[in-house]
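Inspection log for the structure reproduced underneath, given as structure tokens.
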Amino acid sequence: MAVFRRNRVVFMPNVDIFQNVHLGFVDYAILIIYFVFVIGIGALLAGKMKTSSDFFQSGRSIPAWIAGLAFISANLGAQEVIGMGASGAKYGILTSHFYWIGAIPAMVFVGIFMMPFYYGSKARSVPEYLKMRFDEKTRGFNAISFAVMTLFSSGISLFAMAKLLHVLIHWDFNSSLLVSAVFVLAYIYLGGLTSAIYNEVLQFFLIVAGFLPVTIIGLRDVGGWEGVKQQLGIAAVAKGLDPGALTHSWQNMGSWHNALGTDWFGLVAGLGFVLSFGYWCTDFLVVQRAMAANSMSAARRTPIIAAIPKMFFPFLVILPGMIALAVTQQAMAHGGASLIPSDGKGGLDYNMASPAMLMHYLPTGLLGIGLTALLASFMSGMAGNVTAFNTICTVDIYEAYIRPGQTDKHYLNVGKVMTIVGIIGSILTGFLAQNFNNIMDMLQLVFTFVNAPLFATFLLGMFWKRSTGHGAFWGLLSGTVAAAVHHGLTLPDGALPGIKGGWLHHTMITYHSDMAQNFGGAIAAWTTAFVVTVVISLLTKRTKTDEELVGLVYSLTPKPVETEKAWYNKPAILGTLVLILALILNIIFK
Amino acid sequence: MDLRAPIGLLFTLYGLILVGYGAFGPQDIYVKSLGENVNLHWGAAFLVFGLIMLIFGVLRMKYDAAHPDEVK
């Protein structure tokens with residue numbers, strides 16, 4: 001899959017390249033120590049899992065910095081590390097838009113404006129908030145689509161983890177998959193959300209430890225940033241673009257004639273607004289991390305603290321891809337071997353850019369750290385989805401519709417059972433991923449249809465008290481349908497009707513790239529959901545009184561009082577600083 | 001449990017392993033990393049990072065144990 005979709009990963013991480021890597025005993029030792037640690041942490045936490053709140057919300061006791069690192073790590077799966085490296089090699093520095101436009105503003109927004117409602121309402125999940133604010137059917141729709149979505153995402157991570165174990169340790173694939181699944185089950189079963197969060201943070205440091213050395217050595221090899229600019233200039237010209245097209249993020253955004261194939265409007269409205277806000281503000285997988293924070297102030301700071309390292313990830317995950325292309329370019333000019341392997345069709349297999357960098361530059365020892373980091377992040381990608389799944393299934397499906405009013409102990413046990421169900425589901429989707437790559441792509445695509453309109457629902461729900469349950473439900477549904485129809489009517493340049501779109505009518509609209517089509521769809525879905533919610537809300541009666549909406553709607557909720565004295569603990573000041581920093585980065589690499 | 005303690009312990013262990021391997025292991029493997037003994041250098045960095053995290057984590061856990069009423 002060539003295109004990496006921002007909010008849902010639509011590509012299968014291919015780790016076959018590690019087939020020929022030879023690990024030393026040091027590498028194995030590093031790997032084994034990590035696994036011992038993970039289980040050890042789970043075992044230490046097991047004694048603390050006394051209530052369902054401990055299991056699903058970490059007892060709301062996580063300090064802001066841990067919740068913040070978990071907030072981005074839940075998203076920084078190895079799929080992102082590999083996918084962003086691939087995009088770095090393909091689109092160059094333009095990939096940074098996924099961070100500096102496509103993530104930072106939304107993360108600051110969710111911390112300052114939305115977290116007071118999520119955390120303050122004491123909702124345990126995003127669907128539960130929807131029930132408090134709107135009604136059962138809106139909640140049910142979101143709960144079920146989200147539960148299915150997490151299972152498939154989890155399956156992809158499991159598949160990738162098993163594949164990596166298979167090529168590294170040479171167990172057969174099926175046993176690798178089962179062992180990986182049982183391992184993840186063990187540490188979530190023992191330590192619940194806390195266990196998952198702790199491992200996400202551990203994984204974050206490992207990714208930095210594995211990728212920072214690669215980036216620095218690689219940069220030295222190509223002659224620094226100037227060397228990258230020079231080589232990528234040659235690559236850009238070869239693609240028929242401006243020489244600076246791959247090393248300047250804004251210079252060519254005036255028209256679609258750039259590596260992304262979309263102009264600034266599609267980028268800012270589609271990615272920067274709908275997709276990015278839709279993901280960071282409404283996806284329970286990330287929001288759950290902030291909900292576990294130990295105070296309102298910590299919950300609000302969680303996404304903002306997360307934005308600080310997030311802002312510098314491009315140097316860790318995109319730059320290696322760009323360096324890989326530069327080294328390949330240099331080698332080919334001198335008749336040497338290409339660093340990025342060929343895709344067998346005359347092009348380069350960009351998905352291999354980052355793994356190839358690890359193998360090319362890291363000797364035994366550090367290589368063990370890099371591979372452990374990849375394995376750890378596949379693992380925590382799976383665990384993150386499973387912890388979100390067990391919470392939604394217990395709180396929003398079992399407790400809501402199957403057996404309400406049971407004891408807390410009962411729901412804690414159901415949560416553990418749901419963890420097992422989630423793991424079994426992931427094993428099934430993991431096998432499915434192995435056999436039907438296209439089905440996975442298709443499903444992931446369907447989920448992007450659900451995600452984009454949801455942000456319109458939340459925006460209206462939180463900031464317009466007049467919006468009603470009927471309005472929200474039909475708005476969500478019609479937004480999802482609008483995304484599907486848009487996809488059915490449009491095609492990227494040169495693609496055939498089918499999974500890429502155009503299955504309704506293929507001559508209607510063509511976009512200049514998959515990315516532009518994706519952004520266009522997001523805008524269509526969001527606008528439809530927004531308009532329909534407003535119209536239906538005005539036509540239907542409010543079912544919730546002002547009193548019932550206190551703590552759920554902006555205008556009816558007392559403003560959160562700043563209890564923190566230090567400036568660096570105030571969300572608004574911290575958020576402003578983060579935005580200024582992101583702006584500076586945009587200007588430097590314009 | 002303060003998470004800094006296990007992070008610190010893990011990186012201290014990794015640091016020790018890499019420094020040891022970098023100092024006493026084979027030296028011809030560093031052709032890959034442009035001749036730099038990255039295991040020694042980065043291992044030392046991990047060791048320092050690990051020890052700092054470990055110290056802060058352990059101090060915090062001791063403090064929490066001595067003041068149980070302040071723990072959330």
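These figures come from a predicted structure and were not determined experimentally. Numbered from 1 within each chain, the chains take letters A, B, ... in sequence-line order. Side chains included, hydrogens not; waters and symmetry mates left out as well; all remaining heavy atoms used.
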For A/Phe37, is it the side chain, the backbone, both, or neither that has a heavy atom closer than 4.5 Å to a heavy atom of chain B? side chain
Heavy-atom distances under 4.5 Å only: say whether A/Ile66 touches chain B with side chain, backbone, both or neither. side chain
Contacting region of A/Leu44 [heavy-atom separation from chain B under 4.5 Å]: side chain
Side-chain heavy-atom pair A/Thr194, A/Tyr198 within 4.5 angstrom cut-off: yes
Part of A/Ile216 lying under 4.5 Å from any heavy atom of chain B: side chain
A/Ile62 side chain near A/Leu193 side chain, heavy-atom distance below 4.5 Å: no
Atom group of A/Thr372 that falls short of 4.5 Å from chain B, counting heavy atoms: side chain
For the pair A/Ile323 and A/Met357, evaluate side chain to side chain contact (heavy atoms under 4.5 Å, CB included) and give the outcome as yes or no after the intermediate values. CA-CA 9 Å; A/Ile323 295 170; A/Met357 286 287 285; 3.6 Å; yes
Check A/Gln288 against A/Phe56 and note the closest heavy-atom contact, atom names and distance. NE2-O, 3.3 Å
Name the member of B/Ser33, B/Gly43, B/Gly25 that forms the most heavy-atom pairs with chain A at distances under 4.5 Å. B/Ser33
Are side-chain heavy atoms of A/Ile72 and A/Phe204 found at a separation under 4.5 Å? yes
Could you look at B/Leu13 and say if it's the side chain, the backbone, both or neither that has a heavy atom under 4.5 Å from chain A? side chain
Of the backbone (N, CA, C, O) and the side chain (C-beta and beyond), which part of B/Leu18 lies under 4.5 Å from a heavy atom of chain A, both, or neither? side chain
Apply ring-ring contact (aromatic ring centres under 6.0 Å, His included) to residues B/Tyr14 and B/Phe46 and explain how you reach the verdict. CA-CA 7 Å; B/Tyr14 282 170; B/Phe46 296 166; 7.8 Å; no
